[in-house]
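The structure under discussion appears below in the form of structure tokens.
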Protein chains: 2
Amino acid sequence: MLYYNIIYRFPFPGFTPMQQAAQTMTFMGSGHDHSHCLNEALDRAAALCTKRGVRLTTLRRRVLELVWGGHRPLGAYDILDTLKAERRGAAPPTVYRALDFLLAHGLVHRIESQNPFVGCPDPDKPHGGQFLICRTCGMAAELNDSGVDQAIRKSAKKAGFSVGRPIIEIQGLCPHCQDNVEGEGE
Amino acid sequence: MLYYNIIYRFPFPGFTPMQQAAQTMTFMGSGHDHSHCLNEALDRAAALCTKRGVRLTTLRRRVLELVWGGHRPLGAYDILDTLKAERRGAAPPTVYRALDFLLAHGLVHRIESQNPFVGCPDPDKPHGGQFLICRTCGMAAELNDSGVDQAIRKSAKKAGFSVGRPIIEIQGLCPHCQDNVEGEGE
DNA sequence: GGTTATAATGTTATATTATAACATTATCTA
DNA sequence: TAGATAATGTTATAATATAACATTATAACC
Ligand SMILES: [Zn+2]
Ligand SMILES: [Zn+2]
Ligand SMILES: [Zn+2]
Ligand SMILES: [Zn+2]
């Protein structure tokens, strides 16, 4: 049963890579063709950059691919580790400049409360990220709930505040982890 | 005209301390008796800790005072700089441990998208922070809008997600800065 | 095509924010 | 007062991010 459009996971300290993968599958649905959705995202990004007259360079495209490819939010230094193996002279600015570009064009979001970066499935209309973040398994899912957005705009309007980028990060328990906590066992 | 209950300001690079102070006054209202509201906050904190059977030590109280006293969010290392002048051997853990305590008891919030800390005016009922943050002058104001909260809970419920701590950080323009941008001059 | 301007990346160094690990001191309980 | 627990001191380092300047690639123009 798929609860979310898009599922990301944080690395979770207590889990082996195998457990991580297993949980990722649980959330992604076992039939999920990730290489397909990755390619779609990259094509969408290329089209968007062309339309805006900006350059999706090899580096920027590669960083976007890594961010999208991981099934989970990725830290800047995780990205850097991979890049170092691929191009000589990769350093923090290499990654952060690419991320700045991708952020500026809405192609990725930063999870502000935890630092890593995730690909945005809907970069065409710029928006602040709305995320559900599970405190147990680290899963993060992007919402785009217009009800939340409207409530925020209404509240801001009352205060005379003009809304630019609303950041919503809802920490709590995903359905899967609620079950495990309730059951207490297994 | 006061738009917000509580006003905080970030340090703003382009402004002299004088300008910072001037703007702070604009937002706080010139009649604001800050030492009064600071003392209230400290008393409230002391009562809350007594009630919960935890200790508001000298250090913790002092850090809370600094966070509350500044009229604006304060970085951990800003706090540390002050502490260093007051007690020998103050070091990052000194500050972070005090902040962890204050965060755990809802006495302060962390502005996740910018790292600094602010005192919470309403620590009795734990809540994630809802902040309006001006991207021009750095002002931050805490909301506690039940409409926003309800919209979030409704949306999360649809996804089967159990809400713990919702983080809302709305970046945009405060009323004052909207005027200045529109007017373009002055 | 060659020249010049601009954008992107490389490179080195450092700033900022936060935590780990273990020792010491203060406070509480009995 | 002894022993347990909580808080703080102390040293070192991890994790995240940016500054500053050099070099290289791309675009725009002639
Ligand atoms: Zn998005
Ligand atoms: Zn979970
Ligand atoms: Zn609060
Ligand atoms: Zn402003």
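Throughout, a chain's letter reflects where its sequence line sits, starting with A, and its residues are numbered from 1.
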Starting at [atom1] of [X], measure out to [atom2] of [Y] and round the result to the nearest 0.5 Å.
X      : Y      : atom1 : atom2 : result
A/N144 : B/S155 : CG    : OG    : 9.5 Å
B/L107 : B/F117 : CG    : CZ    : 13.5 Å
A/R61  : A/L64  : CZ    : CG    : 8.0 Å
A/Y77  : A/L83  : OH    : CG    : 12.5 Å
A/E112 : B/E112 : CD    : CD    : 9.0 Å
B/H105 : B/D100 : NE2   : CG    : 11.0 Å

Axis-to-axis angle for the helix from C/dG1-D/dC30 to C/dA30-D/dT1, ends of five pairs each, to 10°, equals 40°
Near DNA chain D, counting only heavy atoms under 4.0 Å, which residues of residues 83-91 of chain B show up? B/R87, B/R88, B/G89, B/A91
What's the [atom1]-[atom2] distance between [X] and [N], to the nearest Å?
X      : N      : atom1 : atom2 : value
B/E112 : C/dT17 : CD    : C1'   : 13 Å
A/L99  : D/dT16 : CG    : C1'   : 12 Å
B/L59  : C/dT25 : CG    : P     : 17 Å
A/I79  : C/dT9  : CD1   : C1'   : 17 Å
B/R60  : D/dA6  : CZ    : P     : 11 Å
A/L74  : D/dA15 : CG    : P     : 15 Å
B/D81  : C/dT16 : CG    : P     : 10 Å

Does A/R55 offer a backbone N or O that forms a donor-acceptor pair with the side chain of A/R60 under 3.5 Å? yes
Do you reckon B/I167 sits in the same ILVMFWY cluster as A/L132, going by side-chain contacts under 4.5 Å, direct or chained? no
If the cut-off is 4.0 Å, is A/T57 near the phosphate of C/dT9, judged by side-chain N/O to OP1 or OP2? yes
Between A/R110 and B/E169 (salt bridge meaning N to carboxylate O under 4.0 Å), is one present in this structure? no
Pick one: which of A/D43, A/D124, A/V54, A/L56 meets side chain to side chain contact (heavy atoms under 4.5 Å, CB included) with A/L48? A/D124
With side chain to side chain donor-acceptor pair (under 3.5 Å) as the criterion, how do B/Q130 and B/H109 come out once you've worked through the C-alpha distance, each side chain's angles and the decisive distance to 0.1 Å? CA-CA 10 Å; B/Q130 295 182 1; B/H109 295 287; over 6 Å; no
N/O contacts under 3.5 Å, protein versus nucleotides 17-27 of chain D?
residue : atom : partner : partner atom : Å
D/dA17  : OP1  : A/R110  : NE           : 3.0
D/dA17  : OP1  : A/R110  : NH2          : 2.2
D/dA17  : OP2  : A/Y96   : OH           : 2.8
D/dA17  : O5'  : A/Y96   : OH           : 3.4
D/dA17  : N7   : A/Y77   : OH           : 2.5
D/dA17  : N6   : A/Y77   : OH           : 3.3

